[in-house]
Amino acid sequence: MKIGIITLGCKVNTYESNAIALALEKKGYEIVEANADCDAFIINTCSVTNMADAKSKKMIHRAIKLNPNALVAVVGCLPQSNKDEVAKIDGVDIILGNGNKEKLIDLIDENIGKKRTDKYIDVIDILHYNKYDNLEVNEFDHTRAFVKIEDGCNNFCTFCIIPFARGPIRCKDVDTIINEIKNIVDNGYKEIVLTGIHTGKYFDNGYNLTKLIKKILNDVPNLKRLRLSSIEINEIDDEFIGLLKENKVLANHLHLPLQAGSDHVLSLMNRRYDKKYFLERINKIKEASPDISLTTDIIVGFPEETDEDFKQTIEISKEIGFSKIHVFPYSKRNGTKAALMKQVNDKVKKDRSKELIELSNKLEKNYYSKFIGLKLDVIFEQRYNDYLIGHTSNFLQVIIDYDEKYLKEMKEVKLEAYLDNKLYGKVID
């Protein structure tokens with residue numbers, strides 16, 4: 001029997017969908033792209049903004065339309081934050097929130113091949129949920145493999161629904177993480193990315209994130225590269241900075257969400273740092289690793305953001321010299337404090353977004369251009385037409401002429417030219 005899985009949202013959702021797919025394959029099911037021949041659909045939803053809610057609902061209706069007779073399971077953040085809205089949709093059979101996705105395997109197994117006469121609904125009180133669901137993955141599409149180590153968030157930023165959708169912080173135990181990474185590396189993967197909802201808050205039996213990273217680097221000697229998906233600036237301690245300087249397996253790249261460059265807006269957002277602190281930690285990181293790639297997220301047009309606030313965001317972005325800025329025009333999310341604040345009009349958001357994107361493109365070109373003529377190690381992840389595409393430790397995208405023997409390998413490459421946010425080079429054998 002065929003099962004189509006539709007995944008929306010973050011890397012954590014992608015990881016969990018992969019884990020569900022592998023578990024179902026072990027039971028003999030065929031995992032395919034969602035199509036009319038599917039006997040069941042799983043829609044792993046996102047609910048981070050009102051727009052994400054709408055997109056999730058669109059995908060649910062799309063699956064039902066593809067095959068009205070197929071079993072339809074809706075899981076994740078949308079049912080967790082608004083189960084009644086999902087329950088209204090005719091054709092949905094199974095509704096699961098977060099914290100109990102492990103149940104989905106047996107529910108599919110018990111119900112596939114038929115439509116339920118009643119909806120199965122299981123959405124727990126996630127705000128008081130402390131169990132970590134040990135979904136594991138050891139096979140991925142690319143050479144880079146994601147390992148989820150943490151779930152939940154306790155920050156309650158005023159723009160964010162995630163603590164209400166994902167619940168409090170809970171973490172995978174250290175031994176399980178080490179075993180999972182060993183299995184992934186034994187399967188030929190060269191790079192591991194540690195991910196979670198709030199990865200920097202990892203804890204387990206005396207281990208914080210830095211101590212966990214040290215253990216991974218010590219216990220998995222064949223690992224070529226270890227990367228973090230994202231970390232908050234106030235979770236980078238001096239021990240981590242020292243490790244970044246000393247150990248070349250740890251990727252020379254950090255994604256540090258700034259969100260805003262104005263203390264006024266940071267306060268409205270309920271972020272746990274100010275501009276001065278952010279800059280001080282950035283300078284310390286750059287002292288340890290001058291060529292590090294620093295990428296960020298910035299929300300543009302947050303409620304009550306003034307022209308002066310935005311000007312400060314532009315100024316701090318230039319001062320830091322981010323290698324890339326992911327620009328997000330503020331999108332209202334019902335149920336958050338920010339949704340009740342005075343909103344910035346759409347034209348202002350659009351104009352500010354355009355200006356910040358232009359700055360990001362300029363900063364990215366400046367950063368990439370520094371490496372033309374240098375030799376860096378690249379892990380080649382995939383073929384695209386007559387080329388191989390890979391990434392350096394500092395997350396430069398590198399392209400070479402296709403040669404099958406380099407696929408999924410780490411090779412030293414001389415970087416020769418920059419074009420369209422990519423570096424072109426040749427392997428040094």
Side-chain angles (χ1 to χ4, degrees), residues 8-10 13 45-59 76-86 88 126-127 153-166 197-198 230 232-234 255-275 277-278 295-318 320 322 324-361:
L8 300 105
C10 63
N13 267 7
T45 61
C46 177
S47 189
V48 69
T49 62
N50 290 351
M51 194 179 298
D53 275 3
K55 190 171 181 181
S56 292
K57 284 184 269 192
K58 182 180 178 180
M59 290 299 104
C77 291
L78 177 60
Q80 187 64 57
S81 60
N82 201 339
K83 69 178 179 183
D84 293 338
E85 194 73 19
V86 180
K88 290 177 185 176
I126 199 74
L127 285 173
C153 180
N154 299 341
N155 269 9
F156 293 93
C157 297
T158 59
F159 56 83
C160 187
I161 200 71
I162 294 304
F164 301 98
R166 281 279 177 178
I197 300 299
H198 196 159
S230 180
E232 298 288 344
I233 193 72
N234 50 6
H255 186 76
L256 302 162
L258 171 62
Q259 305 299 10
S262 150
D263 286 343
H264 168 234
V265 176
L266 289 171
S267 176
L268 290 173
M269 289 177 167
N270 193 34
R271 301 294 285 172
R272 309 292 177 96
Y273 53 84
D274 59 18
K275 182 167 61 174
Y277 179 85
F278 198 97
T295 57
T296 196
D297 298 332
I298 292 178
I299 296 173
V300 174
F302 189 79
E304 300 183 31
E305 181 187 66
T306 65
D307 288 342
E308 176 58 29
D309 291 326
F310 180 67
K311 180 182 175 184
Q312 290 180 39
T313 295
I314 292 288
E315 288 171 351
I316 192 174
S317 297
K318 289 178 181 177
I320 292 168
F322 290 115
K324 187 173 184 63
I325 302 170
H326 298 270
V327 180
F328 298 92
Y330 171 74
S331 180
K332 183 191 278 190
R333 182 55 175 90
N334 295 338
T336 63
K337 290 183 179 180
L340 304 176
M341 298 177 186
K342 184 179 179 181
Q343 303 296 305
V344 173
N345 76 61
D346 289 343
K347 185 181 184 307
V348 170
K349 282 194 276 190
K350 186 176 179 180
D351 291 344
R352 289 176 184 170
S353 296
K354 182 181 177 183
E355 183 177 347
L356 192 57
I357 289 168
E358 286 173 354
L359 174 61
S360 175
N361 291 338

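Any value given below was found using the heavy atoms of this structure, including those in side chains, with hydrogens, waters and symmetry copies removed. Small disclaimer: the values here were computed from a predicted structure and weren't measured.
S317 and T313 get closest at one heavy-atom pair: OG-O, 2.8 Å. Across A339 and K332, no two heavy atoms sit closer than the pair CB-CG, 3.6 Å. For the residue pair M341 and P303, the shortest heavy atom distance occurs at CB-CB, 3.5 Å. Of all non-hydrogen atoms in A165 and Q80, the two that sit nearest each other are O-CG, 3.0 Å.
Not one N or O on the side chain of R271 forms a donor-acceptor pair closer than 3.5 Å with the backbone of A260. Remark: side-chain polar atoms of T45 are paired, donor with acceptor, to backbone N or O of L78 under 3.5 angstrom. Looking only at distances, a side-chain donor or acceptor of T296 sits under 3.5 Å from a matching main-chain atom of L256. Remark: side-chain polar atoms of N50 are paired, donor with acceptor, to backbone N or O of N334 under 3.5 angstrom. One N or O on the side chain of E305 and one on the backbone of G301 form a donor-acceptor pair closer than 3.5 Å. Checked by atom type and distance alone, the side chain of Q343 pairs as donor or acceptor with a backbone atom of A338 at under 3.5 Å. Of the possible donor and acceptor atoms, one in the side chain of R272 sits under 3.5 Å from a partner among the backbone N and O of N155. Under the 3.5 Å distance criterion, the side-chain polar atoms of S360 are matched with a main-chain donor or acceptor of I325. Under the 3.5 Å distance criterion, the side-chain polar atoms of N234 are left unmatched by any main-chain donor or acceptor of Y273. Between the D309 side chain and the S262 main chain, no donor and acceptor come within less than 3.5 Å of each other.
Between V348 and F310 the shortest side-chain heavy-atom distance does not fall below 4.5 Å. Side-chain contact check for L268 versus K337: every heavy-atom pair is 4.5 Å or farther apart. For the pair I126 and R166, the minimum side-chain heavy-atom distance is 4.5 Å or more. Counting only heavy atoms from C-beta outward, the side chains of K350 and P329 never approach each other to under 4.5 Å. Here the side chains of Y330 and V344 are not in contact, with every heavy-atom distance at 4.5 Å or above. Within the 4.5 Å cutoff, the side chain of V300 has no heavy atoms near those of the F328 side chain. The shortest side-chain heavy-atom distance between M59 and L8 falls under the 4.5 Å cut-off.
A distance of 12.0 Å separates OG in S47 from CZ in F164, rounded to the nearest 0.5 Å. Between the NZ atom in K347 and the CZ atom in R352 there is a gap of 11.0 Å [rounded to 0.5 Å]. For the atom pair CG (N82) and OG (S56), the distance works out to 11.5 Å, reported to the nearest 0.5 Å. To the nearest 0.5 Å, atom CD1 of residue I299 and atom OG of residue S353 are 11.0 Å apart. Rounded to the nearest 0.5 Å, atoms OG (S81) and CD1 (I161) are 6.0 Å apart. Here L359 contributes atom CG and F322 contributes atom CZ; the two are 10.0 Å apart, rounded to the nearest 0.5 Å.
Side-chain contact of T158 with N270: a donor-acceptor pair under 3.5 Å is absent, judged by distance alone. Judged by distance alone, the side chains of S230 and H255 never bring a donor and an acceptor atom under 3.5 Å apart.
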Set out, in order, the CA-CA distance, both residues' side-chain angles and the distance that settles side-chain contact (heavy atoms from CB on, under 4.5 Å) for H198 and N154, then state yes or no.
CA-CA 9 Å; H198 196 159; N154 299 341; over 6 Å; no

Quick one, C160 with T336, criterion side-chain contact (heavy atoms from CB on, under 4.5 Å). Give me CA distance, side-chain angles, the key distance, then yes/no.
CA-CA 6 Å; C160 187; T336 63; 5.7 Å; no

Salt bridge (charged side-chain N to carboxylate O under 4.0 Å, His left out), that's the test. Do K354 and D351 meet it? Break it down for me.
CA-CA 5 Å; K354 182 181 177 183; D351 291 344; over 6 Å; no

Let me see the working for I298 and H326 under side-chain contact (heavy atoms from CB on, under 4.5 Å), right down to the final yes or no.
CA-CA 6 Å; I298 292 178; H326 298 270; over 6 Å; no

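The aromatic rings of F159 and F302 stand perpendicular to each other, their planes meeting at an angle above 60°, with 30° marking the opposite boundary.
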